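Everything below concerns the one structure shown next.
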Amino acid sequence: MCGVVGIFGNDYVAQEMYDALIALQHRGQDATGIITYDGNIFHLRKNLGLVRDVFHTRHMEKLKGYVAIGHTRYSTIGGGNVEDAQPFLAAAPYGMALAHNGNVFNSYDLKDELFKKDHRLVNSSCDAEIILHLLSKSLTRQLSKGGNDELSLDNIWDSVESVYKRARGAYSVVTYVAKQGMVAFRDPHGIRPLLFGKRQNGLTTDYIFASESIVLDVLGFEFVDDVGPGEAIFIDEKTREVHRKVVLQKTHTPCIFEYIYFARPDSVLNGISVYKAQIRMGEKLADKIKKEKLDIDIAMPVPDSARTATMAIADKLNLKYREGLVKNRYIGRTFIMPGQKIRKKSIRYKLNPMRMEIEGKKILLIDDSIVRGNTSKQIIQMVKDAGAKKVYLGIFSPPVMHPCLYGIDIPTNEELIASNHSVEDIRKFIGADSLTFLDVEDAMTACISGNPKVKDMCMACFDGVYKTGDIDDAVLAKNANARLMDKGGCDRIEDEMDSLPGEDMDKAQLNLV
Ligand code: AMP
């Protein structure tokens, strides 16, 4: 999961891009980057770490230009090293920058293919590099075929289509071709979010693409529309006109996990308010818990993701809402030296229980999801150690039983506790006095209720139905293997690295800051 933003403005846009990335920090904390274009050259700064740690005044001063693409990275593909940080830049045609959110699950095959053709084109294990290459190759070929200097609309739509034909998975892409314009597109199923906005700036209009609506709110842009599934939007640099085309649409199935865990509650994605979806998920879970006739004193969220749903549950069950776990929001970076493994930190590092709210109480504890089960186990132990009489756990999503190949870091079947254990086994493992999950159907109805745009969602992590229709056991096995190679095979080194991909590019075109 990642956050992506593209701004097509008038003057210096790097500061606004910084603010946008701060607003999307929750979507990825592994790495971040900004690339700008000043009408002459690109300026790029990217590194591992949080936005506030990667960009300093000395970098911001150099990120000149009226166009910017920014990214916050949460690694699902790649080892999490600096060369996998986005945005990426290609030399052809005219220089082209790109960042995306999602996961191209056949990128390993496409990288192998590309490496065999020209090993210099593969500088990372990040799938954004593959999308960039597919696009830039197609655009360059079309330009030379037509003998033109400038891209036509058909060139752009055809090139996006060529990506759709090769790249399998979920991707919301923002790209900029020097002096031609900005192009944004979403995969044909619209799995990952991408919104389009505009703002009057003197006599001209600024445009923005972003993963969540909060970015538009923060920067004062007016929401125009969600980029549709299979739709590409082109902002022509010369005329500043906006062109839209649905290049290839299949069913629109946005990811349900955005509404459960990833997106901020104040965001509206695909016309669905994350906050309202969580309220409705809470209400549906409350209906289910009611039938269990539990003797409960208070409802308590695991902060921060379960607060909204817990409020709705407390209301519906006529319970007191109490905060008994306090989260430290300022957990810093873990510095590790090359060769060291990241030390496992206990949940106490993040959450502190308040004994006065917990002691002697029968608590309905609410959390968003159980993936491996370790977090719930530790939290329940902690709440019991603080004197709780009973801990009933309510999860406002269904059991996560299948890996995600569309960009959320939901691991292999072996690691997913619900993939090979019953609810009763999970309850025993985590040490809860009862355990209630939301039903799959209820989760979806809670999200799409009253929304005219979305009729179905991707819930592959819960029901194993992969909406792209091209994921079988062999693909899952290959993906599991690739994950092992990526994640197990390297340590994360959070020091500044000396080399960055693209350093061998024409220096006149790229300024690494
Ligand atoms: P665990 O069951 O120990 O794997 O942890 C589950 C908890 O991690 C959930 O309560 C979420 O708050 C959080 N979580 C869920 N999905 C993810 C994810 N893909 N990446 C990081 N954290 C997650």
Side-chain angles (χ1 to χ4, degrees), residues 1-2 4 27-28 30 73-80 84 86 100-113 124-131 134 163-173 185-194 211 229-230 248 250-262 369 371-372 397-420 440 443-444 456-488:
M1 185 59 70
C2 301
V4 64
R27 296 184 70 86
D30 292 346
R73 174 169 162 88
Y74 180 88
S75 30
T76 48
I77 270 194
D84 295 327
Q86 302 185 42
H100 97 115
N101 167 215
N103 185 36
V104 177
F105 65 80
N106 64 334
S107 70
Y108 296 100
D109 295 337
L110 296 173
K111 286 234 170 204
D112 281 351
E113 199 182 293
S124 77
S125 47
C126 180
D127 52 355
E129 202 182 28
I130 278 295
I131 303 176
L134 290 173
V163 174
Y164 290 155
K165 281 189 185 143
R166 302 294 322 272
R168 291 157 66 189
Y171 37 91
S172 285
V173 180
F185 57 95
R186 225 168 146 196
D187 66 79
H189 295 269
I191 294 175
R192 301 261 73 89
L194 191 66
S211 296
L248 175 69
K250 302 204 172 157
T251 50
H252 186 194
T253 52
C255 163
I256 195 165
F257 219 72
E258 289 279 349
Y259 301 90
I260 292 166
Y261 178 68
F262 264 100
S369 58
V371 182
R372 294 175 181 83
S397 67
V400 175
M401 299 173 78
H402 307 273
C404 177
L405 268 64
Y406 301 139
I408 289 199
D409 191 19
I410 291 179
T412 54
N413 287 85
E414 292 71 49
E415 295 166 82
L416 296 171
I417 189 167
S419 172
N420 36 39
V440 178
M444 184 166 88
D456 193 9
M457 303 191 92
C458 176
M459 301 190 291
C461 53
F462 304 134
D463 63 10
V465 180
Y466 292 92
K467 299 291 184 183
T468 52
D470 49 5
I471 293 179
D472 55 17
D473 288 347
V475 173
L476 289 170
K478 199 165 185 177
N479 182 64
N481 216 9
R483 273 186 72 98
L484 274 179
M485 303 280 289
D486 270 355
K487 302 257 168 179

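Bear in mind the structure is a predicted one, so any value in this text is a computation, not a measurement.
A donor and an acceptor atom, one from each side chain of Tyr108 and Ser125, are nowhere located under 3.5 Å apart. Donor-acceptor pairing under 3.5 Å is recorded for the side chains of Ser419 and Asn413.
When all heavy atoms of Arg372 and Ile417 are compared, the closest pair comes out as O-CB, 3.4 Å. Residues Arg186 and Leu194 come closest through the heavy atom pair NE-N, 3.9 Å.
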Please lay out, stage by stage, how Tyr164 and Leu134 fare under the test side chain to side chain contact (heavy atoms under 4.5 Å, CB included).
CA-CA 10 Å; Tyr164 290 155; Leu134 290 173; over 6 Å; no

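For the atom pair Tyr171 OH and Asn103 CG, the distance stands at 11.5 Å (nearest 0.5 Å).
The ring pair (Phe, Tyr, Trp, His ring centres under 6.0 Å) search around Phe262 returns Tyr74, not counting sequence neighbours. With sequence neighbours left out, the side-chain contact (heavy atoms from CB on, under 4.5 Å) criterion links Arg168 to Phe105, Asn106, Asp470, Val475.
Remark: Asp473 CG is loosely packed, at most 12 non-hydrogen atoms of other residues, nucleotides or ligands lying under 6.0 Å away.
Here the side chain of Tyr406 pairs a donor or acceptor atom with the backbone of Thr468 at under 3.5 angstrom. A distance-only check finds no donor-acceptor pair linking the side chain of Asn101 to the backbone of Val4 [under 3.5 Å]. Between the side chain of Arg192 and the backbone N or O of Cys2 there is no donor-acceptor pair closer than 3.5 Å. No side-chain donor-acceptor contact under 3.5 Å links Thr412 to the backbone of Ala480. Under the 3.5 Å distance criterion, the side-chain polar atoms of Gln86 are left unmatched by any main-chain donor or acceptor of Arg73. The main-chain N or O of Cys126 is found under 3.5 Å from a side-chain atom of Ser124 such that the two form a donor-acceptor pair. Here the side chain of Tyr259 pairs no donor or acceptor atom with the backbone of Cys255 at under 3.5 angstrom.
Considering only heavy atoms from C-beta on, Pro229 stays 4.5 Å or farther from Asp187 through its side chain.
Sorted by first and then second residue, the salt bridge (Lys or Arg N to Asp or Glu O under 4.0 Å) pairs involving residues 457-468 (not counting sequence neighbours) are Asp456-Lys467.
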